[in-house]
Each structure stands twice: as structure tokens, then as C-alpha cells.
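Taking it in order: structure first as C-alpha cells, then the write-up.
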Amino acid sequence: MTTTTASQPARSVGFAAVFAILLGLFVSGYGLLLVPQSPLGGGWILAIGVSLALAGVFAIESVGRRLGLSAATCRTLSLSFAALAAVLFVAFVVVNYASVESFEATSESATGSEASG
């Protein structure tokens, strides 16, 4: 008598993928809250969150199977969106640091001229 066992599809949803999705949704929500005060800054943060969430989504194997993507394509998409989120984050920090530095320099020169005048 022979028995066969049917292999069930692997349901591997990694902790990193779930964390990336949740963090991406949180950052996206924060970006949406900032849009009324600063449309450019809020949109930038929203783009970071969406990129991070998509990186997590494409890291899940079942999503790739459902969309008909190979494992290599899903890995490439996941890494690409993670890299995009990282680049957007670094650019955001650099731009905001430069704007804060220029704001401090102009405010110091304005207060210095008022004190001497």
C-alpha cells in the first residue's frame, strides 16, 4: 500500500515583511496628517511610507504567487522599494537639515542686526 502526502503551500509571512508593512502604513498616515501644513513635506513622507509598505508586501511569497510573479522578481521589487524608501528618507533628512541651517543663519543675522541697531 502506498500513501501520498500532498504538500501544502508554504505560508511564510516573515516578521520583517509584516513590520515593514505596518511601519509603512504608520509613516503614510503621518504623511497624510502633515499634508495640510506642508504639502511637499507631507507628500514626501507619504511616498516614504508607501514605498516601505510596498517593500513589505512584495516580500510575502503568497502575494507573488497571486500576482503571478517569480520569487526573483518579488525579491527584486521588494529590495527596489526598500531602497527607494531609504533614498527618499535620506534625501528628506538632508533637505530638512539644510533648510534648518539656513533658517538659523538668517534668524541669527536678523537678531544680530536688531541688537546692534
When clusters are formed by joining ILVMFWY residues with side-chain heavy atoms under 4.5 Å apart, either directly or through shared neighbours, do Val93 and Ile45 land in the same one?
yes
Using 0.5 Å steps for rounding, measure from the OG atom of Ser78 to the CD1 atom of Ile60.
9.5 Å
Check Val95, Asn96, Val94, Val90 against Phe92 for a side chain to side chain contact (heavy atoms under 4.5 Å, CB included) and give me the one that passes.
Asn96
In the single-linkage hydrophobic clustering (I, L, V, M, F, W, Y; side-chain heavy atoms under 4.5 Å), do Leu33 and Val27 co-cluster?
no
Taken to the nearest 0.5 Å, the spacing of Trp44 CH2 from Ile48 CD1 works out to 8.0 Å
Return the minimal non-hydrogen interatomic distance between Ala85 and Ser51, and the atom names on each side.
CB-CB, 3.8 Å
Would you call the rings of Phe81 and Phe58 parallel, tilted or perpendicular, taking 30° and 60° as the class edges?
parallel
Rounding to 0.5 Å, atoms CG (Leu23) and CD1 (Ile21) come to a distance of 11.0 Å
Are Tyr30 and Leu88 grouped together when hydrophobic residues (ILVMFWY) are joined by side-chain heavy atoms under 4.5 angstrom apart?
yes
Student check: side-chain heavy atoms of Leu46 and Leu32 closer than 4.5 Å:
yes
Would you compute the distance between atom CG of Leu69 and atom CG of Leu77 and round it to the nearest 0.5 angstrom?
6.5 Å
Separation of Leu84 CG from Leu79 CG (nearest 0.5 Å):
12.5 Å
Do you know which two heavy atoms are closest between Ala59 and Ala17, and how far apart they sit?
CB-CB, 3.9 Å
When rounded to the nearest 0.5 Å, the distance separating CG of Leu22 from CG of Leu52 is 10.0 Å
Side chain to side chain donor-acceptor pair (under 3.5 Å) for Thr73 and Ser70? Distances and angles first, verdict last.
CA-CA 5 Å; Thr73 303; Ser70 68; 2.8 Å; yes
